[in-house]
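No experiment lies behind these values; they were computed from the predicted model shown. A, B, ... follow the sequence lines: proteins, then strands. Residue 1 opens every chain.
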Protein chains: 2
Amino acid sequence: MSRDVTRAAARLPSLPARLPATPPTLADVAERAGVSRQTVSNAINNPDLLRPDTLARVQGAIDELGYSPNRAARNLRTRSSHLVGMRIGPAQEGTANATMDRFVHSLVETTREAGYHVLLFAAEPDDPMTGYDDLLRSTAVDAFVITDTYLGNPQASWLEQRRAPFVAFGRPWDQPEARHPWVDVDGAAGTALATDHLLDKGHTRVAWIGWRKDSRIGEDRRSGWLRAMHGRGLSTTGLASRVEDTVASGRDASAHLLDEAQPSAFVCASDTLAVGVLRTLADRGLVAGRDVAVVGFDDSQVAPLTQPGLTSVRQPLEDVAVEVVKALEGLLGHPPAVGPGVMLTPTLTVRGSS
Amino acid sequence: MSRDVTRAAARLPSLPARLPATPPTLADVAERAGVSRQTVSNAINNPDLLRPDTLARVQGAIDELGYSPNRAARNLRTRSSHLVGMRIGPAQEGTANATMDRFVHSLVETTREAGYHVLLFAAEPDDPMTGYDDLLRSTAVDAFVITDTYLGNPQASWLEQRRAPFVAFGRPWDQPEARHPWVDVDGAAGTALATDHLLDKGHTRVAWIGWRKDSRIGEDRRSGWLRAMHGRGLSTTGLASRVEDTVASGRDASAHLLDEAQPSAFVCASDTLAVGVLRTLADRGLVAGRDVAVVGFDDSQVAPLTQPGLTSVRQPLEDVAVEVVKALEGLLGHPPAVGPGVMLTPTLTVRGSS
DNA sequence: TCGTGGTCTTGGATCGATCAAGACATTCCG
DNA sequence: CGGAATGTCTTGATCGATCCAAGACCACGA
């Protein structure tokens, strides 16, 4: 069975030894260890089935040959790839997908610990679902992680109908009857945290600058500000503004609010808007953090760079990744287990602006 | 051969039809189209071997059944996965890996067009090469894309010794004899572009703020500034500074340079340093772009948000991805073809700061 | 009529790991 | 002491697509 004699040459696993033309197979290891293929397979997948001494012998042969099970063969037999698919959108220049990039890093790290890898794919220009469809039908991935669950949520319901395993980062806003596992960050809790932080510092007129009303996430974040204000019996009339997510909009909105409602602090739905507020303050010779306080959302890369540093609500993306992988393991377990949705609470990164 | 009758139910490909318990196989398509397995295989891999009408019939059956070749089986037989592995580091909060994230997006998009997918993996905490090693030995990926080729470049030489196919984003600084394909962006050309832009505007005393001398990339960028200045017969003595890549360092260095050498413009090795310069200007009541010009590097997310917007050198990451994929296709072709390294020229995104 | 392509079928073997079932020896217990 | 119950290891079949070689069938032109 030894197709290549040189393959048997002793070699330490992590040294940069030249990769043989054809890597060693299970059979090669079996021959070298003087056992059957199945025993080698068991040594890898069910070590406790072997007697300690044979296990050691097989393990030795594996190390000497630098053997690692062929993924394709294993995938074919077990009907699973240990790959998790995740679609990423085009690189938009806005700060929006910076959060997603941070999440990808966390997800890759966490899946590694669980023995999975992340397969990235891009949306086809025409049909947004073809990417999912191809990967599913060719059984290239075991499951998906989807990230943009707002806006009608076509992927979630599509995948659900296909009975494809997936976990969503983002709650099912529109479908309360959704049965898929999801993980999300409580945006309202985040803005409430920010607002309470400001109220604790003595502010009473805390303004809100958020997104258009059709944004579910935006309305959620706004509700946290509302709740915190009303929780202390404070009025919010005239203190809220809903605009586009741009620096210019944040600047205009804050200027307008300062003139009309004299707030002493701002809570914003994004760091982008908060940067707009900082600009207005600079325009008027006001010092952020001393004269007027500002809090942003997402703790983006800009936050520590503003002058003064921008206090911002930070999503616990590492924890999100951990929960997503937990849900994935449940989905792919035997039998599959679908737990309830998981809601995580963000934290507040306090800097000079508040 | 029909293991499941319902599988033959008509179904349009992109509709969210429920995925059958076991996806259709080549044999199922063959039966439905009334041809042999071999013919179906040819329809997919060698369409020109078939008569047009049978090709159409097979294609129809494929569409009706929603068939897609099983990746694992194909990978096993053809010994290739159509996956490209790329390691990503931990999510550092600095702006350094923002460029990498932008590159990942471009790479995913470009590989899609070439029929490949990107497999992300993380570095093991202990041994940085184990990730590569495992994927190689288990033949999980066809090739790698490596991105951090500075600092002794252990991955490149390790992979070369293993005869593993890979393409580097980043030139082989230390190994002129390296034989692997690479793509890089000419940092010196970028800073020269920036410097010339400033000189064209009438500046004669253009200062440089860069990184420590042990950074190859930093010295490369610095050389472009030097070349542009000397190209017009201008002196550079006292106009350069080498510091850490932080806002505070950029601020201190620019303050010092302004005091000692009275430059009217700054070219920086990074946007982070440039933000530091902007801060010094604000400290002294100077207006960036009017009193003193500033140019950064990498066109990061901060650049458009500063006040005024930061002029910055932009790496053509989309083009880099295209060239990387071209090189990959050469490497994986029959026979493998290794072209020369490719050097791309960055562009300058001009904003208010210059 | 015989060859010559073009097109498709047939029956296999193959990739490498895992599953299902069985072989064999040892131990334990009534 | 016989039979069951383990523990340990082996054998043949299997996952689904591709590759290979040989041949069947048809149509066309020489």
Side-chain angles (χ1 to χ4, degrees), chain A residues 1-4 7 20-58 61-62 65-82 137-140 142 334, chain B residues 1-4 7 20-31 33-59 61-62 65-82 137-140 142 334:
Chain A
M1 222 352 146
S2 76
R3 299 177 315 234
D4 187 2
R7 171 180 303 154
T22 85
T25 73
L26 202 84
D28 295 324
V29 177
E31 197 195 21
R32 185 167 179 83
V35 296
S36 70
R37 297 167 324 192
Q38 183 63 46
T39 302
V40 179
S41 177
N42 283 337
I44 296 169
N45 301 310
N46 300 82
D48 37 334
L49 286 183
L50 299 200
R51 226 168 38 206
D53 58 327
T54 51
L55 176 59
R57 205 165 74 250
V58 174
I62 288 178
L65 294 180
Y67 169 76
S68 191
N70 181 304
R71 280 279 220 295
R74 171 179 276 183
N75 294 350
L76 175 59
R77 196 62 179 90
T78 63
R79 300 171 169 286
S80 72
S81 63
H82 277 226
R137 288 197 323 225
S138 60
T139 63
D142 290 349
H334 301 287
Chain B
M1 226 339 149
S2 78
R3 300 178 315 235
D4 187 2
R7 171 180 304 155
T22 84
T25 73
L26 199 84
D28 296 324
V29 177
E31 196 193 21
V35 296
S36 69
R37 294 175 329 205
Q38 183 66 57
T39 302
V40 179
S41 178
N42 284 336
I44 296 169
N45 301 312
N46 299 82
D48 37 333
L49 285 183
L50 298 199
R51 223 167 41 207
D53 58 326
T54 50
L55 177 58
R57 203 163 77 251
V58 174
Q59 196 54 254
I62 289 178
L65 294 179
Y67 170 77
S68 192
N70 183 305
R71 279 276 220 296
R74 171 179 275 182
N75 294 351
L76 176 59
R77 194 62 181 91
T78 64
R79 299 173 167 288
S80 73
S81 62
H82 277 225
R137 288 198 323 226
S138 60
T139 63
D142 291 348
H334 301 286

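Backbone-only contact: Thr78(A) has heavy atoms under 4.0 Å from sugar-phosphate atoms and none from a base. Using a 4.0 Å heavy-atom distance criterion, Ser36(B) is classed as a base contact. Leu50(B) comes within 4.0 angstrom of sugar-phosphate atoms only, judged by non-hydrogen atoms across all strands, and of no base. Residue-level contact check: Val40(A) touches neither bases nor backbone, having no heavy atom under 4.0 Å from any strand. Using a 4.0 Å heavy-atom cutoff across all strands shown, Asn42(A) reaches no nucleic acid atom at all.
Distance alone, capped at 3.5 Å, is enough to place a donor-acceptor pair between the Thr78(A) side chain and the Arg74(A) backbone. Side-chain atoms of Arg57(B) come within 3.5 Å of backbone N or O of Ala33(B) as a donor-acceptor pair. In this structure, the side chain of Arg37(B) does not engage the main chain of Ala27(B) through any donor-acceptor pair within 3.5 Å. Distance alone, capped at 3.5 Å, places no donor-acceptor pair between the Thr139(B) side chain and the Asn70(A) backbone.
Closest-nucleotide positions on DNA chain D for Pro52(A) and Arg37(A) were compared, and the one nearer the 5' end corresponds to Pro52(A).
The base of dC19(D) sits within donor-acceptor range of the side chain of Gln38(B), with an N or O pair under 3.5 Å. No donor-acceptor contact under 3.5 Å links the side chain of Arg51(A) to the base of dT8(D).
dG6(C) atom P lies 17 Å from atom CG of Leu55(B), rounded to whole Å. If you measure from atom NE2 of His82(B) to atom P of dT18(D), you get 11 Å, rounded to the nearest angstrom. Rounded to whole angstrom, the span from the CZ atom of Arg71(B) across to the C1' atom of dA17(D) amounts to 13 Å. The distance from atom CD1 of Ile44(A) to atom P of dA17(C) is 8 Å, rounded to the nearest whole Å.
Here dC8(C) is the nucleotide among dT18(C), dC15(C), dC8(C) with the atom lying nearest to any side-chain atom of Thr54(B).
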